[in-house]
There are 2 protein chains.
Amino acid sequence: MNGKEAPRAAGQVSTRTRLERGRGALGPALELVHTGRAPTRAVLTSELGVTRATAGAVAAELEALGLIHVEPGSAAGAQGRPSHRLVVADDGPVVLAAQVHSDGYRAALVGLGGRIVATTPGCEIVDADPAQVIGSVVEAGAALLRDSGRRCAGAGLAVPSAVAEPEGNALNPLHLAWPIGAPVREIFEQRVSGAGLDVPAFTGNDVNLAALAEHRHGAGRGSRDLLCVATGHRGVGGALVLDGRLHTGSSGLALEVGHLTVNPEGGRACHCGSRGCLDVETDPLALLTAAGRTPGPEESLLAQARGLLSTEYADRLVRGAAEELIDRLGLGLAGLVNILNPDRIILGGLHRELLTADPERLRAVVADRSLWGRSGSVPILACTLDHNSLVGAAEVAWQPVLDDPLGALST
Amino acid sequence: MNGKEAPRAAGQVSTRTRLERGRGALGPALELVHTGRAPTRAVLTSELGVTRATAGAVAAELEALGLIHVEPGSAAGAQGRPSHRLVVADDGPVVLAAQVHSDGYRAALVGLGGRIVATTPGCEIVDADPAQVIGSVVEAGAALLRDSGRRCAGAGLAVPSAVAEPEGNALNPLHLAWPIGAPVREIFEQRVSGAGLDVPAFTGNDVNLAALAEHRHGAGRGSRDLLCVATGHRGVGGALVLDGRLHTGSSGLALEVGHLTVNPEGGRACHCGSRGCLDVETDPLALLTAAGRTPGPEESLLAQARGLLSTEYADRLVRGAAEELIDRLGLGLAGLVNILNPDRIILGGLHRELLTADPERLRAVVADRSLWGRSGSVPILACTLDHNSLVGAAEVAWQPVLDDPLGALST
DNA sequence: TGAGTTTGTTCAATGTCGGCACAAACTGAG
DNA sequence: CTCAGTTTGTGCCGACATTGAACAAACTCA
């Protein structure tokens, strides 16, 4: 108990320890390469706002970590010495991405840059128990991982439900027949570590994750205020990406846009108790019934609705139904524009098809019902990424590495 | 043209120059003192996450800049050596804050910590020309500044209109009889520099600025996702403060909540062409007419509505009118909660009075129409600051100093 | 082939911040 | 009143990321 031999450990320790620091610009640099905004070392230098010396050191360190490759030379055609190309390492670590939706589940390995390295085929769900389903998809992903022999840096899961923060419970997995409040994050974390993976695991809403993926690798690139609205098989989801970060609100429930009123004169009854909600007015079932079709059991509602739009759009009834949905969707988007003032809107699922069917009509409705200035003429684009929820699940799994490559990979 | 004598200046210069850097933690430290979150040097140390040595150096530098005072000792009652108190300098710089609303204008000098150092009485508007009005309020502020003899660090103006970014035009100054699109920022900047003040000048919407002020010094302290809704004399405004920063959207038009539909069964006609908008259903005029009163010309509508609530709330007709407005307001807030998922809501203007009249009713409506989890039980509080728009105008004027004290004050 | 341009590399200098030791200022018990 | 215990302020040194500048390398164009 001699003070000299046992100096107090709790003296004036700062919150940031040495280990988790690493080189300061390492994270931002990796994010620039990851999102394709730094194709060469020269633009990395200017994007980071540092000297060439620092950028060189940072790039070298990322290469030493096995995350990127620095490829010298390459005839650029421009004047001066060609800059080294920065590319994502094709033999680097991957993350395990998983998605569950009302029609099935899928697992994949995703590298930096949003590249899907390997994927399982879509599997059907045979059990309504969330622990079973999540266990299956994690197992499928772990099998992919074993086959690939690559290092795993994290795991992410996309579910078709709002996920409450900070608990990680699925609050409305209505179309999965899961119990309300199912602890999906806890289940996923358990299954991931149960599969022998000692990596951080994240769970999020599928539309949120899709928006994140589109922001980094798809139609949302470069946007600072990105609004994403999508309908999958049933119901409508929304997401907002602000300054490159997903905005999920204080408890993960932001952008639950399904119950915006878009049919003031009544409309279809919604399970929320109200009528004319975006959820029931613009989803695949709404299109089918508006077109006078009775949905069959052989295909998913989304597939049937898509088929209707692509093959029978000339039909007067189908076209009328589509225009009705477009008007309703436009009303909902205009309401969101007045509140959020995004600089870009991207649409996924059936909404994507509605946009491509008649982009002018949708844009006109949004502009007409938005109030002032340029907010009404916000660009509306279609999602461009395949499996964007899956890639989004990978994005959140990558995030710790993007924030602090040295710290996340040293463990 | 000798390369040796004239070295290229554009070599590998980084974007951050030496002058605008200053000590790294200087800005965060000043913000902590400014918002009252660092009353002593000890908590400054822990809040910044640095060592005592660094915190001491930072505090000393802020004192050398004349922004704060470091007062040694002060019997704290607790164990150990009492920590030096950090207080805002009462002889330091001030900013010029100005506000224009439909009833008049006011100028003030505001120090750090949101302290109003001096203020003009409320002045009536005699001219509908924005340049005249803004000129008058700047002149009044400049006179205050001359009398005080203190240094001016910036200027801010609050206007009752959406302000489009990046131009700074007032898009809906309807109740001021200003032309739509009046270049208020340009006018304000011109008048400020015309008054001999070589300081940055900022212009914003009054509710936005009020929300910022409440976040830093009032009912919004500590909130990470703050929603503010307020009605002044006519119309309803909203604001969102995310992580301490005002969220104005991509072109300054976010949170234009006035045209949310809150009366689905028709309701009053709004100038936007629709019916049942929040704007016309919950403003002072709506209360007066719902209570069967014809507004008189002697007082402002807000004052008359406030008077009605405070003196005649026992009246069946008045109470019924108030409850109708509360239900409509609750419907609007619930819609915003579903989209934004704030962790706190604060209400200003007449909405504040409606909340205090029957808080339970309002909270019940919001909870009933919000969808899941805790998002519906979000705390709803009344604004607490006097002149919060004025203090908010000061906040944006202070912002450059808070971001980089050394750079902002060295010029 | 050489001038001009742009980029990568090396290295010393700089400034910030962490870690440590010690002094200072208070409380509370005997 | 004194002394142990606790918490905070200060001075000093070292680690280290980053700058700045000089120089080499790689390409285009005349």
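A, B, ... follow the sequence lines: proteins, then strands. Residue 1 opens every chain. Quantities reported herein were computed from a predicted structural model and do not represent experimental measurements.
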According to the interplanar angle, ranging from 0 to 90°, do the rings of A:His34 and A:Trp398 count as parallel (below 30°), tilted (30 to 60°) or perpendicular (above 60°)? tilted
Base, sugar-phosphate or nothing for B:Ala55? Non-hydrogen atoms, less than 4.0 Å. nothing
Nearest-angstrom distance from the residue atom CD of B:Glu47 to P of D:dT8: 13 Å
Please determine if a side-chain N or O atom of B:Arg41 lies less than 4.0 Å away from the OP1 or OP2 oxygen of D:dT10. yes
Lys/Arg-Asp/Glu bridge criterion (N-O < 4.0 Å) met for B:Arg216, B:Glu395: yes
When rounded to whole Å, the CZ to P distance for the pair B:Arg81 and C:dC22 reads 17 Å
What's the closest nucleotide to the side chain of B:Arg52 if the choices are C:dG8, C:dA21, D:dT19? C:dA21
Can you check the B:Glu61 CD to D:dG9 P distance for me, whole Å? 17 Å
Give the rounded distance in Å between these two atoms: CG of B:Leu26 and P of C:dG15. 16 Å
State whether A:Ser83 places a side-chain N or O below 4.0 Å from either non-bridging phosphate oxygen (OP1 or OP2) of C:dG8. yes
Of all the nucleotides listed (C:dT5, D:dT8, C:dT7), which has the minimum atom distance to the side chain of B:Ala42? D:dT8
Going by side chain to side chain donor-acceptor pair (under 3.5 Å), name the residues that satisfy it together with A:Glu63, two or more places apart in sequence or in a different chain. none
A:Leu44 CG - C:dT6 P separation (whole Å): 19 Å
Using heavy-atom distances to pick each residue's nearest nucleotide on DNA chain C, tell me which of A:Val43 and B:Gln79 is more 5'. A:Val43
With sequence neighbours excluded, tell me which residues meet salt bridge (Lys or Arg N to Asp or Glu O under 4.0 Å) with B:Asp243. B:Arg224
Earlier contact from the 5' end, DNA chain D, for B:His84 and B:Gly80: B:Gly80
Exceeds 12 heavy-atom contacts within 6.0 angstrom, atom CZ of A:Arg221: yes
Check whether any side-chain N or O of B:Thr54 sits under 4.0 Å from OP1 or OP2 of C:dG18, and answer yes or no. yes
What is the distance, rounded to the nearest whole Å, between atom CZ of A:Arg85 and atom C1' of C:dT6? 16 Å
Considering only D:dC27, C:dT6, D:dT19, which nucleotide approaches the side chain of A:Ala53 most closely? D:dT19
